[in-house]
Amino acid sequence: MSALNRSQMAWRAAQDLPDGSVVNLGLGMPVWVSNYLPVDRDIFFQSENGILGVGPQADEDSQDRNIVDAGSRRVTLREGASVVDSVNSFAMIRGGHINVTILGAFEVASNGDLANWDARVPSKGPLVGGAMDLAVGAKATWILMQFNTKDGAPRLLKTCTLPLTAPHCVKRIYTDIAVVDVTPDGFVAREILATVGTDELRSRTGTAIAIAPDCQALNAPEISL
Amino acid sequence: MSALNRSQMAWRAAQDLPDGSVVNLGLGMPVWVSNYLPVDRDIFFQSENGILGVGPQADEDSQDRNIVDAGSRRVTLREGASVVDSVNSFAMIRGGHINVTILGAFEVASNGDLANWDARVPSKGPLVGGAMDLAVGAKATWILMQFNTKDGAPRLLKTCTLPLTAPHCVKRIYTDIAVVDVTPDGFVAREILATVGTDELRSRTGTAIAIAPDCQALNAPEISL
Amino acid sequence: MAIDKRVATAAEALAGVKDGAVVMVSGFAGAGFPNALLEALRDSGPTGLTLVANSATHPLSLTHTLIEAGMVTKVIASAARGRGQELSSFEQQWRDGKIELECVPQGNFSERIRAGGAGIPAFYTPVGYGTELGEDKEIREFKGRPCVLEDAITGDLALIRGDVGDRFGNIKFRYAQMNFGVAMATACTTTVAEVREAVDGAIPPVEVQLPSVYVNHVVAVGGEV
Amino acid sequence: MAIDKRVATAAEALAGVKDGAVVMVSGFAGAGFPNALLEALRDSGPTGLTLVANSATHPLSLTHTLIEAGMVTKVIASAARGRGQELSSFEQQWRDGKIELECVPQGNFSERIRAGGAGIPAFYTPVGYGTELGEDKEIREFKGRPCVLEDAITGDLALIRGDVGDRFGNIKFRYAQMNFGVAMATACTTTVAEVREAVDGAIPPVEVQLPSVYVNHVVAVGGEV
């Protein structure tokens, strides 16, 4: 199969979320993850604006301007949901109560450093939001991103070139061509797309990447974008 | 008149509470203050266990074990009351949102140091509760106590002999024979019982005490204990 | 006197805001923006304001109108990036050195404001360590984890939006409308709450989310539920 | 799998508490004592416990039964004074050096537990400065006010009492029953909540006072409203 599209990438990450876990999904592609949960997983999605138990997006006729996620999308509340203020929402995030956060990224270094908040666009103001809190506070930080930039440059690097979000925080990276763990020994590929050989994977990585002994083929069902 | 009884002392302190203020009353005599408010004062009493708007004690038949004040008395909620947890209750106290706290005391020093939490009873465990938080956090700390100990020893001292609750916190002291301000220059008597002369007051004080130029007679209506 | 914190108009509630005031503005992700108060503040025209708001550029908040009016000289925010290709008014003034920006991770932002309201002058947090936003901050390790020292943020005026307010100043929010409103109200000398509806009676004690002690003025401005 | 945190008995919920565990116990002023859980913990018999409870000696709490059973080697509390003339079991063991006591001002107590749950390793506070309870603590001035550095308190097990719980672990309290329950639940690895009633459905989102993420087991034990 060819490189995973964005929906398939979200699907792949969704398969690994533990049953019963509490998960925060970053803006953009990560929020799509909630669309592709296996049916046997009962998961609470937390949003930085204070909702624990974000449900599907609201229908046109059941929207409430005060039931939104951190990306300003009008959503619903699942059964068992609750709502707190920003202080308590971030206490939840920073106190280690979120099992997994799935975030987008610009770059990840082989020591787990993450750069995902500031791409250095000239004259545009900074936007950090809750990225640093999530990366530091969640028990596990997973990244969902294209393996390479649009220009083909590597995003998996020895050292991040863009401003850091947090040092040593990334545990796993889901991409369009591979699933990569960040280990004390650096990057380890767990799954690689069948049409991408290990040589190609290495050539598209900015630093050393090991191949797990039990490395599998990266697969996802057909999902249109 | 003779020395004020405890109810009269509480009455005297109550007369000075500003209209619209938020007030925390310590255990013992201070809680009696709420019984003697002038009719033109609308005041919210806060209790450390999280109630803002403590009303009168509950009748036998309307008691609720979860509507209590910090002294475990079953109380009522006044109109406009609210309830928070201990964290938020003490954030309210420590953040400077209580206008006045009225506390009991063993000793007060002329620099405003307060000793009210540990009388050093041998082998009895310590009990600090919220005393330090209130003394430090309230905008104004008033003391309600007998001018002297049962043995006639002074409680207004140059330096406290018992363990401090907080340094430099007391603004005013209501007693059975005088009302005393704590100023940058030390104790200043604002009101003295007519039957207690300034010489007697001085002899019953453990350090220097000035008499305010506009010093008044301390008065209270007849109230039985 | 019976407490009644309700005022007829936003303009009345905001009379006398001084040049140079530190103004906190609630709202996040489309919910909880006090836009009627922001309009009134813009019309009243104080200058040299410091704005403490999660975003300086959220399209649904009228925060930007204060910036466009040249009333703001400093912004403390977690988000300050305009959405369009063209520079936002904030970005233009920031680039031109007319507005100083302190960009703060959203959890440090909420926690610092909470600290301001709770009497905590400073705290340590791992969030921001090892990043540009943690530069020049004091660093200290706790249990092997490096942390930065963050100080409290306090303000002169909090502008918040709730759903229902009562004459005592109690506020009830609607779902995620709460966000920064509670913390900001605790951290400012004066708090003005705009609400959809101001009721004559009292909000039931267990439904109050922001206790009356933190609110100075309540203005009913209508608007959608 | 559908989440259901309800268990049939307190004994079941408390199976496997290890010797040496740090156990937090909610309750203050007669409200919120998890006495069914305390009985079960006493019966299960772990030793060398550290108890974190506002009072070691409150007559309405069964905390003292753990102490009488010799299961406790350390207490962190704001109150540890028996009410009677005779020494309480706590006081006797404390005097005999069998139990270590850390006496903490109640606001520092609640704030330190909150910090433990919110990922704040330490904070500064003026409360306790200049007193015996602030001795040997690091001192630092903020805006001219001397403060002590206080560290977070975390625990292995929180025992709390609420009014209603649901299968997700959401808890609703009754008035001042809330006190330390929320903060303790956030600061411990495992939280067990005893409730008057455990419901099949979900507590409505706006009525949840302790979100499900903080609660591991819910035990219905009945009792008065």
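Reminder, nothing fancy here: chain letters follow the sequence lines and each chain counts from 1. Because the structure is predicted, anything quoted here is derived from the model rather than measured.
Proximity to chain D among residues 104-113 of chain C is limited to Glu111(C), judged by heavy-atom separations below 4.5 angstrom. The interface of residues 175-191 of chain D with chain C, defined by heavy-atom distances below 4.5 Å, comprises Tyr175(D). Along residues 28-37 of chain D, no residue comes nearer than 4.5 angstrom to chain C, judged on non-hydrogen atoms.
For the residue pair Pro121(C) and Tyr124(D), the shortest heavy atom distance occurs at CD-O, 3.1 Å.
Options Val206(C), Thr125(C), Leu149(C), Ile120(C) differ in how many heavy-atom pairs under 4.5 Å they form with chain D, and the most are formed by Ile120(C).
Counting only residues at least two apart or on different chains, no salt bridge (charged side-chain N to carboxylate O under 4.0 Å, His left out) pair has a member in residues 14-40 of chain D.
When heavy atoms are compared at a cutoff of 4.5 Å, Arg140(D) approaches chain C solely by way of its side chain, counted from C-beta outward.
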